[in-house]
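Working notes, beginning with the structure itself.
Predicted model only: the values in this text are computed from it and were never measured.
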Amino acid sequence: MRQQKPVSVNENPYIGTYRRNFEGDYRCSKEEVDNMIAESSNITRDSIVLDKYSFDDLDKDSFKRYRQRFAVRNPSHIWNELDDIDFLRRIGGWDKDREKKVEGLTAAGLLVFGQEMNITSYFHNYFLDYREHVNEYEDQRWSNRFTSQNGEWSGNLYDFYNKVIARINEDLKVPFKIDETDLGRVSDTDLHKALREALLNTIIHADYFTKGNIIVEKNKNEYKFINPGLLRIPLEKAIGGGTSDARNKNIFKIFSLLGLGERSGFGLENIHNTWKKYQWELPSLEESFKPENITLLLKTTPIIDSDISKELKEIFSTEYDSLNPYELKLIGFLCFAIKKCRELQRKIQNVATRYFPYFLDNAFVKRKLWPVYEIIWAW
């Protein structure tokens, strides 16, 4: 558990803390140990009061758009009557440090609504990067790309989320379906929700106090989400759902007040379930060190070939839907292997039938008992 780290082989964690990677054990750097100590606290670091930063360090348009969206979602909410500072305080972007007797923006407030140059003056490693490559031109590295440093937008987390989700949703197919409650068209599918959850997880669980960048890639057959920081709970629990340990609880709150984000810890499980439904390759979640980061890879390639899938549906009938992805992939592989063996067998039979007289005339085979022939090995 993160609360028990770092675990040292001696009394000095800076020389006795080791970590295991794919190559073996290595001694952790001072930065890694400091990060473990900070992560062991139950106080979320995005609640730190930045007493030298004020409301003027925010991008006013970003904050205005957030308030408008909040008001549309909650038209009768009492917070709509508050001034900007009090509203920011309620959502977790402004607070008071009672020990220092100062108040100001929280780290969350600066990250979500700040201007990029003000954010990087405190978070020196802060960098957001969206990359897109969905066309067929090999000589073009990215068909669309924007970063938090290009100066064309605020560069904060709130605007990054809105810009990226718009690009991700652009190519998603939306089936025609009517909502029975208001007779409006349903444009939010389970795939939209899964990708939205993946993006929010990347933003909410990123460690903005360590090295590394947030990177989101949209490619022809996959989506990739990378954020600095490591998992705070075991991978099995994260996939299993029901366990939530957000690294940035205030950032999480700010987005969740707009109905964004899965509070009960089922976000990753929902992504897995959606990918299972579409019978795509299972999501891959990997941790890397030096620098510490997490990569979520979502491929939209089928687990098995469509022709084999059709055959399996005919064989298993109603039981087909109950097969988990591992069973489906194993059975699909076996069917593929059998299919290839049958094709090879037919080719061998055709060759043998065509050249059999030649084999017989040249004594490569001899008859034993009809219709059995024995191959005469010449070497």
Next on the checklist: With a 4.5 Å cut-off on side-chain heavy-atom distances among I, L, V, M, F, W and Y, is there a chain of contacts connecting L257 to L260?
Outcome noted: yes
Item to check | Path from Y53 to M117 over hydrophobic side-chain contacts below 4.5 Å | outcome: no
Item to check | Electrostatic pair E292-K211, nearest N-O below 4.0 angstrom | outcome: no
Item to check | Heavy atoms of other groups near K60 NZ, more than 12 under 6.0 Å | outcome: yes
Next on the checklist: A side-chain contact here means heavy atoms from C-beta on lying under 4.5 Å apart; do Y208 and L110 qualify?
Outcome noted: no
Checklist entry - OG/S143 to NZ/K220 distance, rounded to the nearest 0.5 angstrom? => result 12.0 Å
Checklist entry - So, T300 and Y223: side-chain donor and acceptor under 3.5 Å apart, yes or no? => result no
Item to check | Step-by-step side chain to side chain contact (heavy atoms under 4.5 Å, CB included) determination, F113 to L157 | outcome: CA-CA 7 Å; F113 302 116; L157 294 180; over 6 Å; no
Checklist entry - Quick one: do K64 and D84 make a salt bridge, cutoff under 4.0 Å? => result no
Next on the checklist: Tell me whether K253 contacts the main-chain N or O of R90 through its side chain, where contact means a donor paired with an acceptor under 3.5 Å.
Outcome noted: yes
Item to check | side chain to side chain contact (heavy atoms under 4.5 Å, CB included) evaluation trace for I85 with R89 | outcome: CA-CA 6 Å; I85 297 295; R89 190 194 310 275; 4.0 Å; yes
Checklist entry - Passes side chain to side chain contact (heavy atoms under 4.5 Å, CB included), L268 versus L285? Steps please. => result CA-CA 10 Å; L268 194 56; L285 187 66; 3.6 Å; yes
Checklist outcome for this item: Distance col, row E281:CD vs T301:OG1, nearest 0.5 angstrom, shows 4.5 Å
Next on the checklist: Closer than 4.0 angstrom, basic N to acidic O: yes or no for E132 and R167?
Outcome noted: yes
Checklist entry - Is a side-chain donor-acceptor pair under 3.5 Å present for D159 with S154? => result yes
Checklist entry - Considering all heavy atoms of both residues, which atom of I168 and which atom of K218 are nearest to each other, and what is their separation? => result O-NZ, 4.0 Å
Checklist entry - Is it true that Y66 and F55 fall in one hydrophobic cluster, defined by side-chain heavy atoms closer than 4.5 Å? => result yes
Checklist entry - Considering only heavy atoms from C-beta outward, does the side chain of R45 approach that of F209 to under 4.5 Å? => result yes
Next on the checklist: Side chains of R131 and I215, heavy atoms from C-beta outward: is any pair under 4.5 Å?
Outcome noted: yes
Checklist entry - Does Y130 have any ring pair (Phe, Tyr, Trp, His ring centres under 6.0 Å) partners at least two apart in sequence or in another chain, and if so, which? => result F146
Checklist entry - Going by the angle between their ring planes, with limits at 30° and 60°, are Y161 and F255 parallel, tilted or perpendicular? => result perpendicular
Item to check | salt_bridge(D46, R247) N-O dist < 4.0 Å | outcome: no
Item to check | Residues in ring pair (Phe, Tyr, Trp, His ring centres under 6.0 Å) contact with F225, at least two apart in sequence or another chain | outcome: none
Item to check | Donor-acceptor pair, side chain of N74 and main chain of F70, under 3.5 angstrom | outcome: yes
Next on the checklist: Holding to ring pair (Phe, Tyr, Trp, His ring centres under 6.0 Å), I want the full list of residues that pass it with W94, two or more places apart in sequence or in another chain.
Outcome noted: none
Item to check | Any donor-acceptor N/O pair, N250 side chain to G92 backbone, under 3.5 Å | outcome: yes
Next on the checklist: To the closest 0.5 Å, what do you measure between CH2 (W280) and CG (N221)?
Outcome noted: 10.0 Å
Item to check | Joint hydrophobic cluster, Y122 plus V102, side-chain heavy atoms closer than 4.5 Å | outcome: no
Checklist entry - Donor-acceptor pair, N293 side chain versus I226 backbone, under 3.5 Å? => result no
Next on the checklist: Would you say the ring centers of F63 and Y158 fall short of 6.0 Å from each other?
Outcome noted: no
Checklist entry - Can you say whether the rings of W79 and H77 are parallel (under 30°), tilted (30 to 60°) or perpendicular (over 60°)? => result tilted
Checklist outcome for this item: Per side chain to side chain contact (heavy atoms under 4.5 Å, CB included), F252 is matched among I204, L200, I203, T44 by I204
Checklist entry - Are any non-hydrogen side-chain atoms of L199 and I165 less than 4.5 angstrom apart? => result yes
Checklist entry - Without hydrogens or angle criteria, can the side chains of T106 and D95 be said to hold a donor-acceptor pair below 3.5 Å? => result no
Checklist entry - Can you tell me how far the CG atom of N201 sits from the CD1 atom of I271, to the nearest 0.5 Å? => result 5.5 Å
Checklist entry - Within 45° of the six-membered ring axis of W153 and under 6.0 Å from that ring's centre, is NZ or CZ of K163 located there? => result yes
Item to check | Same apolar cluster: L258 and V72, side chain cutoff 4.5 Å | outcome: no
Checklist entry - So, the side chain of S62 versus the backbone of L58: is there a donor-acceptor pair under 3.5 Å, distance only? => result no
Checklist entry - Does a sphere of radius 6.0 Å around CD in E99 hold more than 12 heavy atoms from other residues, nucleotides or ligands, not counting ones at 6.0 Å or beyond? => result no
Checklist entry - Within a strict 4.5 Å, meaning less than it, do heavy atoms of the N150 and R145 side chains meet? => result no
Checklist entry - CD/E269 to OG1/T274 distance, rounded to the nearest 0.5 angstrom? => result 10.0 Å
Next on the checklist: Side chains of D129 and T147 only: does a donor on one sit below 3.5 Å from an acceptor on the other?
Outcome noted: no
Next on the checklist: A side-chain contact here means heavy atoms from C-beta on lying under 4.5 Å apart; do D190 and K277 qualify?
Outcome noted: yes
Item to check | I119 vs Q115 side-chain heavy atoms within contact, under 4.5 Å | outcome: no
Checklist entry - Would H192 and N169 satisfy side chain to side chain contact (heavy atoms under 4.5 Å, CB included), going step by step from the backbone distance to the final call? => result CA-CA 7 Å; H192 286 82; N169 288 343; 3.4 Å; yes
Next on the checklist: Quick check for you: to the nearest 0.5 Å, what is the distance between H133 atom NE2 and E217 atom CD?
Outcome noted: 10.5 Å
Checklist entry - What are the two closest heavy atoms between G229 and T210, and how far apart are they? => result N-CG2, 4.3 Å
Checklist entry - S148 side chain to L128 main-chain N or O, any donor-acceptor pair under 3.5 Å? => result yes
Next on the checklist: Taking the side chain as everything from C-beta on, heavy atoms only, tell me whether L296 gets closer than 4.5 Å to L298.
Outcome noted: yes
Next on the checklist: Under a 3.5 Å distance rule, please check whether N156 uses its side chain to pair with a backbone N or O of G114 as donor and acceptor.
Outcome noted: yes
